[in-house]
Amino acid sequence: MQQSRENNFNIIRLFAALMVIYVHSFAIFKMSIDEPIAKALHSGVSLGEFAVYVFFIISGYLITASFVRGKGNWHYFKARILRVYPGLIVVMLLTAFVVGPLLSELGAKVYLQQGEVYLYPFKALPLVTATSFLPDLFANNHLENAVNGSLWTLFWEFLCYIGVAVLGNLNLLNQKVIAILIALTTLVSVGLHFLPANNFAVHSLSLVIPMFLAFFSGMLFYFMKSSVVFKVKWVLIALIAYMIFSNTHLAFTSLYSLPLAYLVFAVSYSKRIRFYQFGSKYDISYGVYIYAFVIQQIIYQLTNGTLPFVMNIFLSVLFTLPCAFLSYVCIEKPVMRFKSS
């Protein structure tokens, strides 16, 4: 496995973002059944979690490469900020000042008199508050008042970016340290299983620890890239390992992270699956991720949740893709020109 621009990262990330739309549809559109694929596989990892972990694995690999090959902290953090914030701030501005006045139960005049509306875009800055509510927006939806529920993971991903820089500046960004971090984080994941699940801190950690492990796994593969080989037998072994450790009885261990990472990179650098140019001009996966939830909420409100499930997914994708494309072309790509300045 050698780092190369000939990879399938873009199409994998887009597929993961579309998978999040599919999974969120069950909650947003008030489905009375659980997501059937994970249930049929007896998986303790939902497809939504699976998609997020794939994002974090690829991110761990690419962000580590960015720091190692970079020109220092200033250029590193400038690149991270330019990639995350412009698109995020625009979607929050559009949500607050276009979607809100049109769809809030308060009506546009009263809605625009609420101080929360003007604070909402600023809540993108610390990321952790990016999922905040807006006055009576989506108040009668099944997921009432939830404006953009996907954004909560961005805080934890950016925290990982900071972690990479901290390790790098301490001269601890190497394979041995990352392996130790994976071992320690796995122990924490196992330990959490034996603590009260209704405890807020325990519940929160149980959500974020697997994301950290996915990111660390991507980091580890970066340092091992010269020695990792992809053969059919190892792919099958990794697949079996993932199925075993992601089972409902063992998922709490998070031991599925490393085999999942192997599978992600096996597909990414596959010589048979060649979508290497996909997304090279228009990388819309981030836009899909940050726009989809609010679009799905809009669809529910406008249709009162009466459409068939498949039609809801179809419309969600149909309206999200153009928004993601415009986000990339008009916002994300232009600002990235400042990355090298």
Side-chain angles (χ1 to χ4, degrees), residues 7-28 35-38 41 43-63 83-84 87-88 91 148-158 160-161 207-208 210-219 221-222 235 238-239 242-243 246 251 254 256-270 273-280 282-296 313-314 316-321 323-325 327-328 332:
N7 59 65
N8 294 308
F9 286 149
N10 288 336
I11 195 168
I12 291 173
R13 287 187 294 198
L14 178 59
F15 182 75
L18 293 173
M19 194 180 295
V20 171
I21 293 179
Y22 164 72
V23 173
H24 280 169
S25 296
F26 286 86
I28 291 173
E35 193 283 309
I37 298 176
L41 295 173
S43 178
V45 178
S46 73
L47 285 187
E49 292 168 331
F50 176 90
V52 170
Y53 301 158
V54 168
F55 275 124
F56 272 71
I57 287 167
I58 294 175
S59 184
Y61 181 88
L62 295 177
I63 297 304
R83 189 66 186 97
V84 171
L88 174 62
V91 73
N148 202 332
S150 296
L151 302 183
W152 73 275
T153 63
L154 298 181
F155 170 79
W156 301 104
E157 181 157 359
F158 206 90
C160 289
Y161 299 167
L207 292 176
V208 301
M211 293 192 294
F212 288 154
L213 272 169
F215 194 90
F216 294 157
S217 297
M219 294 175 71
F221 271 79
Y222 172 77
V235 170
L239 180 60
Y242 175 79
M243 297 295 291
S246 65
S254 298
Y256 50 79
S257 292
L258 284 174
L260 177 58
Y262 183 88
L263 293 171
V264 167
F265 292 116
V267 174
S268 297
Y269 288 106
S270 171
I273 305 172
R274 301 175 67 90
F275 292 94
Y276 299 160
Q277 299 304 313
F278 184 91
S280 59
Y282 307 108
D283 181 6
I284 64 172
S285 58
Y286 181 60
V288 170
Y289 190 77
I290 61 177
Y291 275 90
F293 192 99
V294 66
I295 288 173
Q296 289 181 288
I313 295 179
F314 173 75
S316 298
V317 175
L318 181 67
F319 290 115
T320 298
L321 290 179
C323 291
F325 176 80
S327 176
Y328 184 76
E332 299 166 45

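Predicted model, so just to flag it, every value in this text is computed and none were measured.
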_Is there a side-chain contact between F265 and I57 in this structure, where contact means two heavy atoms from C-beta onward sitting under 4.5 Å apart?_
yes

_Partner residues of S257 under the side-chain hydrogen bond (donor to acceptor under 3.5 Å, both in side chains) criterion, sequence neighbours left out_ = none

_With a 4.5 Å cut-off on side-chain heavy atoms, are Y262 and F221 touching?_
yes

*Taking side-chain hydrogen bond (donor to acceptor under 3.5 Å, both in side chains) as the test, write out the residues that go with Y161, two or more places apart.*
E157

*Kindly write out the residues that satisfy side-chain contact (heavy atoms from CB on, under 4.5 Å) with S150, not counting sequence neighbours, or none if the list is empty.*
V20, H24, N148, Y289, F293

*Please list, chain by chain and in numerical order, all residues satisfying side-chain contact (heavy atoms from CB on, under 4.5 Å) with E35, sequence neighbours excluded.*
Y22, F26, I37, A38, L47

*Closest approach of A261 and S217, non-hydrogen atoms and distance?*
CB-CB, 3.8 Å

*Mind checking the OG-OH spacing from S59 to Y53? Nearest 0.5 Å is all I need.*
15.0 Å

*Taking side-chain hydrogen bond (donor to acceptor under 3.5 Å, both in side chains) as the test, write out the residues that go with S43, two or more places apart.*
none

*Close side-chain approach of I295 to C323, heavy-atom, < 4.5 Å*: yes

*asked:* According to side-chain contact (heavy atoms from CB on, under 4.5 Å), who are the partners of V208, at least two apart in sequence or on a separate chain?
replied: W152, W156, L205, M211, F212

*Check side-chain contact (heavy atoms from CB on, under 4.5 Å) between I273 and all other residues, then give those that pass, not counting sequence neighbours.*
N8, V267, S270, F275

*By ring pair (Phe, Tyr, Trp, His ring centres under 6.0 Å), which residues pair with F56, not counting sequence neighbours?*
none

*Taking side chain as C-beta onward, heavy atoms only, is F55 less than 4.5 Å from F215?*
no

*Considering non-hydrogen atoms only, spot the tightest contact between A238 and P259 and give its length.*
O-CB, 3.4 Å

*Looking at P210 and S254, what are the two nearest heavy atoms and their distance?*
CG-OG, 3.8 Å

*Taking all heavy atoms of S316 and all of Q296, pick out the closest pair and write down the distance.*
OG-CG, 3.2 Å

_Partners passing ring pair (Phe, Tyr, Trp, His ring centres under 6.0 Å) against Y286 (at least two apart in sequence or in another chain)_ = none

_Pairing residues for R83 by the salt bridge (Lys or Arg N to Asp or Glu O under 4.0 Å) criterion, not counting sequence neighbours_ = D283, E332

*Quick one: pull up CG in L321 and CD1 in I284 and give me the separation to the nearest 0.5 Å.*
5.0 Å

*Grab the two heavy atoms, one from I290 and one from V91, that are nearest each other, plus how far apart they are.*
O-CG2, 3.7 Å

_Just to verify, what does F15 make a ring pair (Phe, Tyr, Trp, His ring centres under 6.0 Å) with, not counting sequence neighbours?_
none

*Is any side-chain heavy atom of V45 closer than 4.5 Å to a side-chain heavy atom of Y242?*
yes

*Quick one: which residue pairs count as a salt bridge (Lys or Arg N to Asp or Glu O under 4.0 Å) with a foot in residues 14-23, not counting sequence neighbours?*
none

*Taking the side chain as every heavy atom from C-beta outward, state whether Y256 and F50 have any atom pair closer than 4.5 Å.*
no

*asked:* Within the 4.5 Å heavy-atom criterion, are S268 and I12 side-chain neighbours or not?
replied: yes

_Rounded at 0.5 Å granularity, tell me how far OG in S285 sits from CG in L18._
9.5 Å

